[in-house]
Amino acid sequence: MFALLTLAGLVLGALLGIVARVSGADWLASTLDTIGTLFTNLLQFTVAPLVFLAIVVGIVSLRDLGGGRTAARLGGRTVAWFAGTSLIAVLIGLAIGLVFRPGEGLTLAADPAEVAKVDAKTPGSWGAFLTDLVPANPIAAFAENNVLQVVIAALLVGAAAYALGEKAEPFVAFSRSAFEIVLTVIRGIIVLAPIGVLGLIGNAFATYGSGVVGSLFGLIGTVYLGCALVLFVVYPLLLRVVAGIGPRRFFGVTWPTLQFAFVSRSSGASLPFSRQAAIDLGVERNYAGFAVPLGSTTKMDGCAAVYPALATIFIAHLAGVPLAAWQYVVIVAVAVFGALATAGTTGWFTMLTLTLAAVGMPPAVIAAGIAVIIGIDPIMDMMRTATNVAGQITVPTLVAAQEGLLEERAEESTSETESEPQPA
């Protein structure tokens with residue numbers, strides 16, 4: 001029933017958005033925007049505490065899987081798979097860009113107002129990335145929803161609690177209780193998902209005219225194709241070979257979560273469902289509690305690999321700047337080693353500017369290029385986020401299979417309802 005209500009909200013939102021666009025009913029477009037913004041704000045409200053508590057609880061839970069060496073091995077193998085699948089994803093993005101050449105022959109002028117907005121944003125850079133890793137004020141990290149700094153704080157606190165053992169039990173008990181409270185709040189917010197979907201999709205249809213979408217369809221189409229290959233080919237193939245899990249079982253468990261990620265455009269908001277999906281696939285609960293929250297902020301194959309590769313090629317073609325072989329190598333390196341820079345709601349912007357700067361694009365070209373594509377970013381972000389979340393479920397499953405932490409489950413025992421986001 002909940003899935004049907006969400007689907008109804010999507011269809012009704014699309015129809016209302018089209019009506020608002022065609023009729024010029026600004027009040028309707030504004031209402032849809034307000035509904036979508038309120039729902040998004042509710043989701044973002046829970047992201048920082050959810051990520052912090054999930055990582056802290058997850059690290060402490062690793063004690064039940066063995067000693068410090070076991071925890072270090074699990075963490076190392078998880079990060080290695082993060083990097084390996086990011087490499088595959090960025091190579092797919094580059095291959096699609098070289099074959100379809102998005103932006104080639106296209107002439108578009110950036111809106112000066114959009115260029116000014118892009119210039120006002122803080123571009124991604126390795127220096128800023130390193131200096132921003134550790135928050136000078138941990139309270140400010142939460143207040144500003146700086147997810148990357150929250151992750152670093154959670155890793156430090158979780159490691160300290162792990163090392164202290166019984167002395168930290170009161171804090172650990174509090175963290176576990178607070179984590180359950182946040183999950184309960186999220187379940188309450190999810191009840192509003194059909195209404196939120198109506199607003200988000202309706203606003204998208206009301207905002208983007210066919211002319212803009214049509215002129216940039218080359219980029220949209222290649223991003224969707226690249227993400228689809230990673231989501232529907234690479235992940236299922238790895239799961240079949242490494243973990244013995246077939247596509248039917250994988251998508252049977254994860255599909256409701258991927259749908260929610262697609263609409264909400266938030267890996268953080270999808271975290272409770274991603275974690276449960278991994279558990280339903282057989283991943284040991286304690287390891288899933290560590291790896292999935294870590295992946296929700298650092299494992300972004302859609303935003304950090306496929307998209308920067310294709311957007312960089314698109315902007316280069318648009319500006320008439322040819323890319324040399326070494327610049328393609330740089331794109332790959334940034335995707336593999338710079339994934340942490342995507343943590344947070346503006347991660348796509350940081351990763352894209354970081355990639356463009358790394359290949360030597362002039363600041364004026366970067367600002368103008370992003371100004372051209374920023375208007376359609378929400379359309380691409382839906383598919384990017386679904387791909388991100390699928391990867392955040394896939395990697396822990398692969399590691400669990402290699403470490404003997406994957407419970408054997410029959411294909412027939414898995415149903416959609418096991419992992420479907422349900423209202424409280």
*Asks:* To the nearest 0.5 Å, what is the distance between OG1 (Thr394) and CZ (Phe82)?
*Replies:* 10.5 Å

*Asks:* In terms of ring plane angle, is the pair Phe232 and Trp255 parallel, tilted or perpendicular, where the classes change at 30° and 60°?
*Replies:* tilted

*Asks:* Quick one: sort the Phe290 and Tyr287 rings into parallel, tilted or perpendicular, breaks at 30° and 60°.
*Replies:*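 Rings of Phe290 and Tyr287: tilted, 30 to 60°.
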
*Asks:* If we ignore angles and hydrogens, is there a donor and acceptor under 3.5 Å between the side chains of Lys299 and Ser267?
*Replies:*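 Result is no, nothing qualifies.
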
*Asks:* Do Ile393 and Tyr235 have side chains that approach each other closer than 4.5 Å (heavy atoms only, starting at C-beta)?
*Replies:* no

*Asks:* Name all residues meeting the salt bridge (Lys or Arg N to Asp or Glu O under 4.0 Å) criterion together with Glu104; count only those two or more places apart in sequence or in a different chain, and write none if there are none.
*Replies:*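 Salt bridge (Lys or Arg N to Asp or Glu O under 4.0 Å) list for Glu104, sorted by chain: Arg101.
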
*Asks:* In Å, rounded to the nearest 0.5 Å, how long is the span from CG of Leu42 to OG1 of Thr37?
*Replies:*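 Rounded to the nearest 0.5 Å, the CG-OG1 separation comes out at 11.0 Å.
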
*Asks:* Kindly determine whether Gln327 and Thr312 satisfy side-chain contact (heavy atoms from CB on, under 4.5 Å), including the steps that lead there.
*Replies:* CA-CA 10 Å; Gln327 291 171 305; Thr312 298; over 6 Å; no

*Asks:* Less than 4.5 Å apart, any side-chain heavy atom of Phe39 and any of Ile195?
*Replies:*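 Contact flag for Phe39/Ile195 side chains = no.
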
*Asks:* Measure the shortest side-chain to side-chain distance between Ile373 and Leu318 over non-hydrogen atoms and say whether it is less than 4.5 angstrom.
*Replies:*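 A side-chain contact is absent here, since even the closest heavy-atom pair is not under 4.5 Å.
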
*Asks:* Can you check whether Val234 reaches Asp301 side chain to side chain, under 4.5 Å on heavy atoms?
*Replies:* no

*Asks:* Is it the case that the ring center of Phe260 lies less than 6.0 angstrom away from the ring center of Phe273?
*Replies:*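 Centroid distance Phe273-Phe260: below 6.0 Å, so yes.
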
*Asks:* By salt bridge (Lys or Arg N to Asp or Glu O under 4.0 Å), which residues pair with Arg73, not counting sequence neighbours?
*Replies:*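 With neighbours one apart ignored, the set is Glu403.
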
*Asks:* How long is the span from the CD1 atom in Ile220 to the CG atom in Asp377, to the nearest 0.5 Å?
*Replies:*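 Output value for this atom pair is 10.0 Å.
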
